[in-house]
There are 2 protein chains.
Amino acid sequence: MLRDRIRFKPLMDKITDADAACVHIQNGTNVFISGFTAGYPKLIPQALVRRAEKGERFRINLFAGASTGDAVDGVLAEAGLVSWRRPYMSNRTMRNRINADEIRFKDDHLSRLSSQVRDGGWGRAHVAVVEAVAITRKGHLIPTMSVGNTPTYVREAEKIIIEISSEPPDLEGIHDIFIPEDPPYRMPIPIYRSGDRIGKPFIEMDPQKVTAILFSREEDSCAVFTEPDTVSRRIAEHILDFVEHEIKRDRMPSFLPWQSGVGDVANAVLSGFLENDFFHTIDIYSEVLQDAVLDLIDMGKVRAASGSAMTLSHKARTRFFNELYRYKEKIVLRPVEISNSPEVVRRLGVIAINTAIEVDIYGHVNSTHVMGSHLMNGIGGSGDFLRNGALSFVVTPSTAKGGKISAVVPMVSHVDHNEHSVDVIVTEHGLVDTRPLAPRQVAEAVIRKCAHPDYRDLLWDYYQRAVRGAGGHEPHILAEAFGFHERFMATGDMHSR
Amino acid sequence: MLRDRIRFKPLMDKITDADAACVHIQNGTNVFISGFTAGYPKLIPQALVRRAEKGERFRINLFAGASTGDAVDGVLAEAGLVSWRRPYMSNRTMRNRINADEIRFKDDHLSRLSSQVRDGGWGRAHVAVVEAVAITRKGHLIPTMSVGNTPTYVREAEKIIIEISSEPPDLEGIHDIFIPEDPPYRMPIPIYRSGDRIGKPFIEMDPQKVTAILFSREEDSCAVFTEPDTVSRRIAEHILDFVEHEIKRDRMPSFLPWQSGVGDVANAVLSGFLENDFFHTIDIYSEVLQDAVLDLIDMGKVRAASGSAMTLSHKARTRFFNELYRYKEKIVLRPVEISNSPEVVRRLGVIAINTAIEVDIYGHVNSTHVMGSHLMNGIGGSGDFLRNGALSFVVTPSTAKGGKISAVVPMVSHVDHNEHSVDVIVTEHGLVDTRPLAPRQVAEAVIRKCAHPDYRDLLWDYYQRAVRGAGGHEPHILAEAFGFHERFMATGDMHSR
Ligand SMILES: CC(C)(COP(=O)(O)OP(=O)(O)OC[C@H]1O[C@@H](n2cnc3c(N)ncnc32)[C@H](O)[C@@H]1OP(=O)(O)O)[C@@H](O)C(=O)NCCC(=O)NCCS
Ligand SMILES: CC(C)(COP(=O)(O)OP(=O)(O)OC[C@H]1O[C@@H](n2cnc3c(N)ncnc32)[C@H](O)[C@@H]1OP(=O)(O)O)[C@@H](O)C(=O)NCCC(=O)NCCS
């Protein structure tokens, strides 16, 4: 019975339904929700939408851990209920409304959010809405499949609404909750190895602030798992070959932990370990854990896997819950300020792999804005890991939109990561280690090895003319730097005619 | 007598002169030198130039801590002796040769260099050439006015050439040398307050590797100190007012330590504290310490000042050495991987202030490339501090070249720091705190408050047309994004006619 999940009895009389609970959310309320790809509340958003459908006009400010499901970002954006949204999101409807300036959005490095909220920089934390599998006997919270910023949201919130999820309560113990002191009183974050536990298995909560508890049988909408395609597999192979080679030539130590971004390429890299004999013991210090992590645990290859959330396909989910006791020995879920902490990422020497929208010939990377103006999702944790990792890979298929777009361009139309922070660039065609190269050498190598053959001549032509015309350390013809993008916007194709 | 500085007697027979010493440097030698604005070797570069003047043809790879004086970067570049240079430099001759592709240059975040060198990523460390005030009885080194990467260079070098400087040996004790273990064995860097000492007052050295010792009476070429001008003073006032206001409104704690970049604006901000009663106790956790730090110490306002180097004007230098005993109580000089450590900068909650070449309406920052192509100096530590500081300011006069260039442009021509990492933008006209603003709000505020009045209409016109024409989260007209720059390159003026 879900009622048994409330082990702190004084809270029993807060049990109510979503319609009643959401009276605490009014026009202008700052709503801080749990959720980081998974683990978001499902009932309150629906109840808000019902109110809107009845004709009530109101808009909230929605602050999450990172992306949530359609059940939050999708339905609330669709209903026009969101005034502000922070941080990372990946929902199509919400993206469109952000780009139409109907929703305000600000994009921060995920490692910094929680301390900004504690400083009051995001305004008063009127209401936190959090999903949990249980409330402990002392009135603390056991979260579900993500931690994200929830510990800080719960601490700062004036009111707390809890959705008790029907997910197995034996998730308890997988989380490791630690909120660092803020400067100038901060001390080192005492993680020395991926699997270290430094906190408590629950989120501390003042039960006095709980205004409503709901019971929910809704599940996270599961990630759709696609088998790695040829392009992703090629990219993964390039990376594993390269790292193996570096280790064998004694240019890096064995056993640095891996981080791998969201999406299919990321998952493909981890899947690549399955068939690889060289990498027999793997540490993962990442943000979001996907299906491949379970496969690797099953093979006995994982020493520890740390993240802030798990997004599993339906199939993997069932497997996970069936043998939770076994996976719990390997997996730790942490607040995102810890999973993405520059301090910890640099200390551990993480090998970081993140996906780009486009890269340019000098190694600058766009991960957030299509054609310079239009937000895709946000920077997420990519900056935290790329900048601080011991070795950072940026990966992208060499083309998009059926080949009409080259993902290698003269100049990226928005810069999220620049030449100072990106080590290795990888497409299905090849890989360039930029670390020992000056920018002009990077350009020549990226055009030759990473660009799609269809676009190499065009890129080379631009580069040569820039060298002759402008010269300098990173030669550019400013009037033509976005020529590829302009051509695409004019004709729907980056190829020249 | 300078001979007394060699307290480890077995090294006495290594005393020689520069011409003899520099036989260890041949064509293709990787030369790792001390120096970080100050503290660079002076005799060996001159000897190398003499060899070139005699007709010998050779080129070296030159790796420093950061910028050095004309006596190194200037003369070696002038003589055509440099094949590669890393990292940050600020010498005009060298800059020109880098931009002409006669010298290869790669620009890294300063906090990452030392570990890259230890990993072997910069190639074999053939020779280290380091300036020191003394060699201890156990054969270790006391550096001069900078630490930079010297501890790692000395550790990794196959041969070491030492220039014993005539600077007072009682510099001993000002340095705090700590080389962290590299991943995966790194432990926390145990600095909790700006002034904490965690290492040794000398650089550990294997005396067996010393191949030559020279005596030098050459001084660092001193920084030219200019009294802050009106523009710098206005920028400094905006910053101090803002921080005071934030502290009084309880939006940030008192006593966060300050970092301030190189140059006149940076010095002006620190000078601003002199006449300010609100800030009575200041911690400094910075990279380069300039004159203003001594003034503040004299006023009794400094609790501790930490950096990797000191660049002082001639006047300040004399004062510093006269009362070294007093300044040594307050000042700590550290390796740059510690002074700039993301871990420590974030833990302490540094207030970071760095200068831009140009900023754009959405808050992206160019600190390295003029007109997109031409290297100015390099990123230095600006990325380390801006990204990890608790509050980061980017400052720039609103115009350059007598008003012909607007330092606020539609899109910066090179991105070193982006909207995710920059908090507050400041020119002499005003200040915009971007943290609570979405990009379009940033644009409107930056145009109104930071841009020079001459350029506001042009910027506004671009922005409005971008909003209407492209829309999106950061509206841009890619074909016109560099219109200001193109106009300047065509006419020598960014004003439109
Ligand atoms: C960059 C990112 C959007 C790529 O996501 P993905 O799912 O691997 O990429 P896809 O290939 O499916 O591309 C997503 C969309 O962008 C489009 N796209 C890709 N490259 C493009 C380009 N160069 N120009 C224009 N559109 C492009 C694709 O066509 C696709 O469009 P669709 O949704 O209309 O089909 C995603 O990784 C991201 O948001 N990254 C930033 C945050 C991050 O790295 N987080 C991890 C840190 S832990
Ligand atoms: C950005 C930086 C070059 C500014 O230096 P500065 O000495 O304060 O700036 P100045 O105003 O003297 O400008 C330097 C030159 O750039 C030119 N300049 C400035 N803004 C310009 C612009 N927007 N476009 C073109 N040129 C510009 C100036 O005219 C001047 O040229 P000159 O040497 O021919 O006279 C310098 O701070 C730097 O190298 N920063 C990056 C590293 C850093 O921040 N380090 C500190 C970290 S601890």
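In what follows, every heavy atom counts, from backbone to side chain, and hydrogens, waters and symmetry copies are set aside. Here is how names work: the chains are called A, B, and so on, in the same order as the sequence lines, proteins then strands, and each is numbered from 1.
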S.K.: Side chain, backbone, both or neither: which part of A466(B) has a heavy atom under 4.5 Å from chain A?
M.R.: neither
S.K.: Is S115(A) close to chain B through its backbone or its side chain, or both, or neither, when contacts mean heavy atoms under 4.5 Å?
M.R.: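 S115(A) has no heavy atom closer than 4.5 Å to chain B.
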S.K.: With only heavy atoms counted, which part of R440(B) is less than 4.5 Å from chain A, the side chain, the backbone, both or neither?
M.R.: side chain
S.K.: Give me the atom names and distance for the closest heavy-atom approach of H414(A) to H364(B).
M.R.: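 The answer is NE2-CE1, 3.3 Å.
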S.K.: Is a donor on one side and an acceptor on the other found under 3.5 Å between the side chain of H420(A) and the backbone of D107(B)?
M.R.: yes
S.K.: Using a 4.5 angstrom heavy-atom cutoff, name the option from A438(B), G349(B), P180(B), P257(B) with the most pairs to chain A.
M.R.: A438(B)
S.K.: I'd like to know whether the aromatic ring centres of H473(A) and H369(B) sit less than 6.0 Å apart in this structure.
M.R.: yes
S.K.: Counting only heavy atoms closer than 4.5 Å, note whether A470(A) contacts chain B via side chain, backbone, both or neither.
M.R.: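 Both parts, backbone and side chain.
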S.K.: Tell me, for M252(A) versus chain B, whether the close heavy atoms (under 4.5 Å) come from the side chain, the backbone, both or neither.
M.R.: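 The answer is neither part of M252(A).
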S.K.: Assign the ring pair F482(B) / F482(A) to parallel, tilted or perpendicular, where the plane angle (0 to 90°) is split at 30° and 60°.
M.R.: parallel
S.K.: Below 4.5 Å, heavy-atom pairs only: which of H417(B), R347(B), R104(B) has the largest tally toward chain A?
M.R.: R347(B)
S.K.: Report which part of R387(B) has an atom under 4.5 Å of a heavy atom belonging to chain A: side chain, backbone, both, or neither.
M.R.: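 It is both, since atoms from each part get that close.
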S.K.: Heavy-atom pairs under 4.5 Å with chain A are the metric here; pick the option from R95(B), M371(B), H374(B), E181(B) that has the most.
M.R.: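 It is H374(B).
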S.K.: Are the side chain of R186(A) and the backbone N or O of V344(B) linked by a donor-acceptor pair below 3.5 Å?
M.R.: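 It does not hold such a pair.
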